[in-house]
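Below is one structure, written out as structure tokens, with a few remarks after it.
Protein chains get the first letters and strands the later ones, always in sequence-line order, with residue 1 at the start of each.
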Amino acid sequence: MTETVTRTRFAPSPTGMFHVGSARSALFNWALARQSADGRFVLRVEDTDAARNKPEWTEGIISALEWLGIHKEDPHFEGPYFQSDYAGKHRETAERLAEEGRAYYCDCTREMVRQRRDNPHLGYDGFCRDRGLEPGPGRALRFRVPDDGSTVVADQIRGRVEFDNATIEDFVVARADGSPLFALANVVDDVEMGITHVIRGEEHLSNTPKQQLLWRALGQDPPVWAHLPVIVNEKRQKLSKRRDKVALETYQDEGFLPEAMVNYLMLLGWAPGDDREIMPWSQMERLFRVSDVNSSSAFFDEQKLRAFNGEYIRALSVDEFVERCRPWLTPERAPWPEKNFDEEVFAAIAPLAQTRVAVLSEIVGNVDFLFLDEPVEDERSWAKAMKPEVAPAMLTAALERFADPDLAWEATSLKSALEEVGQAQGLKLGKAQAPVRVAVTGRTVGLPLFESLELLGREPVRERLRAALTKLAETDSGAGTDS
RNA sequence: GCCCCCAUCGUCUAGUGGCCUAGGACGCCGCCCUUUCAAGGCGGUAACGCCGGUUCGAAUCCGGUUGGGGGUACCA
């Protein structure tokens with residue numbers, strides 16, 4: 001066994017969703033493993049708890065990792081291994097610990113433990129330590145923690161962390177039914193798999209002295225530990241599944257690009273040391289140092305993530321952008337009738353939308369008016385732009401002007417045409433375009449208007465102007481006005 | 001309660017005793033550009049929690065304090 005090769009591990013338990021915090025841990029482990037030629041990133045699915053073990057959840061883990069750029073086929077990737085496959089080894093180790101006197105059987109119930117505690121600050125009091133109980137029903141196996149001294153964890157991020165052994169209780173390593181607990185299984189697996197670096201969330205820091213004691217009891221030198229700061233919400237609490245938006249898949253669905261997500265996540269707690277933020281994976285991978293990771297908790301700032309994402313979207317070529325938008329333009333996701341969608345029209349409008357979307361899903365709201373049978377209904381926009389003093393006149397004039405066959409149906413001439421129409425009404429283009437925009441797109445804000453008109457086509461545009469005029473006439477006559 | 005971790009702009013961070021009248025990014029606020037909205041350009045707002053030390057000198061070292069957070073299972 002040579003110990004020179006870096007072997008990191010990522011050990012999620014399958015829960016049906018992939019936490020952004022896990023994503024960051026995976027990324028850090030991946031970067032470190034890839035820094036050395038023979039480095040390995042070991043994926044181990046911690047499926048000890050039979051209740052939460054479904055094959056499709058493991059699939060979910062693998063595809064989430066893939067989305068992040070951690071591919072099974074990469075030579076640095078090893079696994080997946082399943083903790084359940086090592087159950088025999090876990091039991092064997094538990095028995096060995098018992099035989100060697102490093103662990104002992106205990107028949108105390110939870111109730112008994114609690115009642116007997118003379119000091120409520122401490123946990124189990126070691127009541128069964130020297131009772132010499134044989135294994136049997138109702139008897140759990142506890143690890144014998146030294147009474148004196150302390151256990152020092154050398155953490156790459158936090159430095160030296162010392163735990164007084166007196167504050168560590170004799171913890172259970174195997175249940176009464178013989179099944180191993182996380183504390184044991186995790187260590188046995190890490191030992192078995194030759195893990196050299198354990199990089200995981202800070203919530204595991206308090207388990208670490210126990211695990212380190214176990215490593216030593218098994219005759220091994222502990223690995224390099226690194227406990228990442230927790231990722232918190234706006235209230236500075238650890239991001240939780242039920243309260244916060246933590247599932248990687250959610251972000252994926254909204255149209256965050258994996259490269260933006262990866263970049264953002266890498267920078268959560270780590271910085272390359274200069275003023276760079278947006279950078280390719282290859283660079284982050286090269287620059288990453290575990291010891292450079294910050295030790296204080298980090299707020300998951302979706303606003304900044306969005307900014308990163310916008311940055312990455314704008315950096316795409318138009319063709320790439322069109323490709324990437326595709327999943328959001330499908331019948332399942334898009335609101336327009338499938339037959340209305342026109343590939344070429346979309347490709348033509350795409351560059352105008354590219355600077356306006358922060359996440360890919362926003363593409364829909366930008367281009368929908370081109371493919372919907374009618375403009376969207378947005379009351380606020382209507383109320384804002386369709387003032388009775390200007391809108392009817394403006395729309396009527398535009399309708400007429402657009403009917404002129406000598407008017408080239410093309411953005412620049414449409415612009416000057418509308419400019420003229422506006423001037424005749426005493427309106428600058430900013431004011432003049434508003435009613436037309438709302439009549440055609442339904443909204444007061446949107447893509448550049450004249451390109452939009454050009455792509456929609458003369459007749460559809462005129463049709464929408466007429467419809468708007470009709471609607472204006474109706475509301476004007478009194479019925480249902482709300483102003 | 002007990003154990004452990006943490007502490008620089010609102011947020012993510014740079015900073016490792018003098019280069020700091022504290023830098024960058026996101027956000028926010030102006031201005032420019034402009035057919036709306038973005039994008040882009042320019043400028044601005046804003047921080048070393050507090051108290052003691054150490055030192056010629058402290059955001060940087062030490063102690064305390066306060067405030068956050070994590071862990072306290074026969075869960076992972």
If we take the C1' atom in both G17(B) and A59(B), what is their distance in whole Å?
->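 One C1' to the other, the span is 10 Å.
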For U16(B) versus G23(B), give the span between their C1' atoms, rounded off to a whole number of Å.
->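 It comes out at 15 Å once rounded to the nearest Å.
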Identify, between L181(A) and R158(A), the residue whose nearest nucleotide on RNA chain B lies closer to the 5' end.
->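 Looking at the nearest nucleotide for each, R158(A) comes out on the 5' side.
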To the nearest angstrom, how far is [X] atom [atom1] from [N] atom [atom2]?
{"X": "Q211(A)", "N": "C75(B)", "atom1": "CD", "atom2": "P", "answer": "15 Å"}
{"X": "L184(A)", "N": "C75(B)", "atom1": "CG", "atom2": "P", "answer": "13 Å"}
{"X": "D47(A)", "N": "C75(B)", "atom1": "CG", "atom2": "C1'", "answer": "14 Å"}

Please collect all ring-ring contact (aromatic ring centres under 6.0 Å, His included) contacts where either partner lies in residues 227-246 of chain A, sequence neighbours excluded, each pair once.
->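 Of all non-adjacent pairs touching residues 227-246 of chain A, none passes ring-ring contact (aromatic ring centres under 6.0 Å, His included).
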By side-chain hydrogen bond (donor to acceptor under 3.5 Å, both in side chains), which residues pair with R236(A), not counting sequence neighbours?
->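 R236(A): side-chain hydrogen bond (donor to acceptor under 3.5 Å, both in side chains) contacts with S297(A).
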Can you check each nucleotide of nucleotides 33-41 of chain B against protein heavy atoms at under 4.0 Å and return B for base, S for sugar-phosphate only, - for none, in 5' to 3' order?
-> --BBBBSS-
What string of B, S and - do you get for nucleotides 9-24 of chain B, 5' to 3', if B is base contact, S is sugar-phosphate-only contact and - is no contact with any protein heavy atom under 4.0 Å?
-> --SBSS--------BB
Go through the structure and list residues passing side-chain contact (heavy atoms from CB on, under 4.5 Å) with P375(A), not counting sequence neighbours.
->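 Scan of P375(A) (side-chain contact (heavy atoms from CB on, under 4.5 Å), adjacent residues dropped) gives R464(A).
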Hey, does the side chain of K238(A) come within less than 4.0 Å of G71(B)'s phosphate (OP1/OP2), counting only N and O?
->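 Yes.
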G149(A) versus D164(A), closest heavy-atom pair with distance |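 Closest approach of G149(A) to D164(A), heavy atoms only: O-OD1, 3.3 Å.
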Which atom names give the shortest non-hydrogen contact between R175(A) and V172(A), and what distance separates them?
->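 It is N-CG1, 4.4 Å.
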May I ask whether H204(A) stacks on the base of G70(B), given the cut-offs of 5.5 Å between ring centres and 30° between planes?
->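 The base of G70(B) is not stacked with H204(A) (the test needs centres under 5.5 Å and planes under 30°).
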Check whether the side chains of D177(A) and S179(A) place a donor and an acceptor atom closer than 3.5 Å, and report yes or no.
->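 Indeed, the side chains of D177(A) and S179(A) share at least one donor-acceptor pair under 3.5 Å.
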Salt bridge (charged side-chain N to carboxylate O under 4.0 Å, His left out) partners for K210(A), two or more places apart |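 Counting only residues at least two positions away or on another chain, K210(A) forms no salt bridge (charged side-chain N to carboxylate O under 4.0 Å, His left out).
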